[in-house]
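For reference, the structure is listed below as structure tokens.
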Amino acid sequence: FHTSHDGSKAFDIYESLMRHVCRNTLRAGSLKRLAASLRVKHTRNAGKRIDGMKAEIAEISNVAMTMQERLNFLAKRKVTRESMTTIMDRLFPKKQTEDGEESSTRRENILAAVLERYEYNDGGAFKEQAGTAYNLLNAVTEWTDHERSSKNNMRAESAVFGSGDKLKSSALQVILDEAEKMPKVEERILVSSFADIGLNVQ
């Protein structure tokens, strides 16, 4: 929900999976809005019109709740060594060189960068999320948005509209798929270090 507060723009109400933190993400989110959206001119009767749109607003809320349920599910699943390996292999598959030997340096650098963010867990801001599938999703997202290389140094555009956006969408689906097999938070020890998945990082 956003408005100009001075009447110069309409109230905009829409469902978006982006976290809006500045004018740029607000603009990008409005371009990426999903089907459920409403617009009400900023007039004296705007409040009454919004009250009359409760059913439409409820539909937007239902879509958002579906995502909330998915993220809550991920937050209750612990990442195991096996699930981490499967997820990384699906998101960042091993590639072969022309002579048939595996080219691993770039891939290992990517895995190390993602796992560093996974271990960091936003500096422990939400300790209960450490080691969860939700934490892993955030690590992939953060790496994609802030470090992943892109053509012509257009990382922001890629992250919102291009291959970065596709990678984040894939990450959500892959992690959700694998989370079905993960133990619940209280059941097993989580992956907490690079060594847990056999990756030696200096």
Side-chain angles (χ1 to χ4, degrees), residues 15-19 32 34-36 60-96 100-149 158-160 162-202:
E15 198 279 339
S16 172
L17 301 183
M18 294 191 65
R19 178 172 61 176
K32 296 267 297 176
L34 300 186
I60 294 174
S61 178
N62 287 338
V63 174
M65 283 299 293
T66 300
M67 178 55 68
Q68 180 180 345
E69 288 166 4
R70 291 176 180 175
L71 298 180
N72 280 332
F73 171 73
L74 294 180
K76 294 175 183 175
R77 297 289 170 164
K78 284 192 175 181
V79 177
T80 63
R81 178 175 182 162
E82 296 77 13
S83 59
M84 176 71 82
T85 300
T86 300
I87 290 166
M88 293 296 105
D89 284 347
R90 288 180 64 185
L91 291 177
F92 308 103
K94 297 175 183 178
K95 295 182 180 179
Q96 301 292 319
E101 293 181 359
E102 182 180 318
S103 177
S104 61
T105 304
R106 182 174 182 275
R107 181 176 183 269
E108 285 183 5
N109 289 340
I110 291 172
L111 296 184
V114 171
L115 290 171
E116 183 178 7
R117 282 156 179 73
Y118 172 73
E119 284 192 337
Y120 184 64
N121 185 33
D122 268 348
F126 301 97
K127 293 180 181 178
E128 68 279 7
Q129 295 171 7
T132 64
Y134 179 72
N135 180 18
L136 179 56
L137 176 64
N138 283 334
V140 174
T141 299
E142 183 181 354
W143 173 80
T144 303
D145 288 349
H146 298 285
E147 187 169 338
R148 179 176 180 265
S149 60
S158 172
V160 177
S163 58
D165 180 47
K166 291 177 184 176
L167 175 59
K168 290 184 288 185
S169 296
S170 294
L172 174 61
Q173 191 55 58
V174 167
I175 294 171
L176 277 169
D177 291 346
E178 193 61 28
E180 296 285 349
K181 307 169 198 169
M182 293 179 192
K184 292 183 180 178
V185 167
E186 67 275 11
E187 291 179 356
R188 286 177 61 184
I189 296 174
L190 51 85
V191 174
S192 59
S193 69
F194 298 135
D196 287 344
I197 64 165
L199 184 61
N200 184 19
V201 178
Q202 298 300 323

Quick one, Ile175 with Arg77, criterion side-chain contact (heavy atoms from CB on, under 4.5 Å). Give me CA distance, side-chain angles, the key distance, then yes/no. CA-CA 10 Å; Ile175 294 171; Arg77 297 289 170 164; over 6 Å; no
Could you check whether any side-chain heavy atom of Leu71 comes within less than 4.5 Å of a side-chain heavy atom of Leu137, counting everything from C-beta outward? yes
With rounding to the nearest 0.5 Å, note down the distance linking CG in Asn72 to CD in Glu69. 8.0 Å
Validation row: Met182, Phe73 side chains within 4.5 angstrom (heavy atoms): no
Please report the closest heavy-atom contact between Val140 and Ala171, naming both atoms and the distance. CG1-CB, 3.8 Å
Contact between Val114 and Met84 at the side-chain level, heavy atoms closer than 4.5 Å - yes or no? no
Give the intermediate values and the outcome of side-chain contact (heavy atoms from CB on, under 4.5 Å) for residues Trp143 and Ile110. CA-CA 9 Å; Trp143 173 80; Ile110 291 172; 3.7 Å; yes
Taking atom CG of Asn121 and atom CD of Glu128, what is their separation to the nearest 0.5 Å? 8.5 Å
Steps toward side-chain contact (heavy atoms from CB on, under 4.5 Å) verdict (Glu142, Asp122): CA-CA 10 Å; Glu142 183 181 354; Asp122 268 348; 4.3 Å; yes
Measuring only between side-chain heavy atoms, which start at C-beta, is Asp89 closer than 4.5 Å to Arg107? yes
Out of curiosity, Lys78 NZ to Lys184 NZ, how far, rounded to the nearest 0.5 Å? 13.5 Å
Who pairs with Tyr120 by ring-ring contact (aromatic ring centres under 6.0 Å, His included), at least two apart in sequence or on another chain? none
Salt bridge check, Arg117 against Glu147: does any charged N sit closer than 4.0 Å to a carboxylate O? yes
To the closest 0.5 Å, what do you measure between CG (Asn138) and OG1 (Thr132)? 8.0 Å
With a 4.5 Å heavy-atom cut-off, do Leu74 and Leu176 have their side chains touching? yes
Let me confirm one number: the NZ-CG distance from Lys168 to Leu91, rounded to the nearest 0.5 Å. 13.5 Å
Could you pull out the closest heavy-atom pair between Tyr118 and Val79, with the gap in Å? OH-CB, 3.5 Å
Mind checking the CZ-CG spacing from Arg90 to Asp177? Nearest 0.5 Å is all I need. 5.0 Å
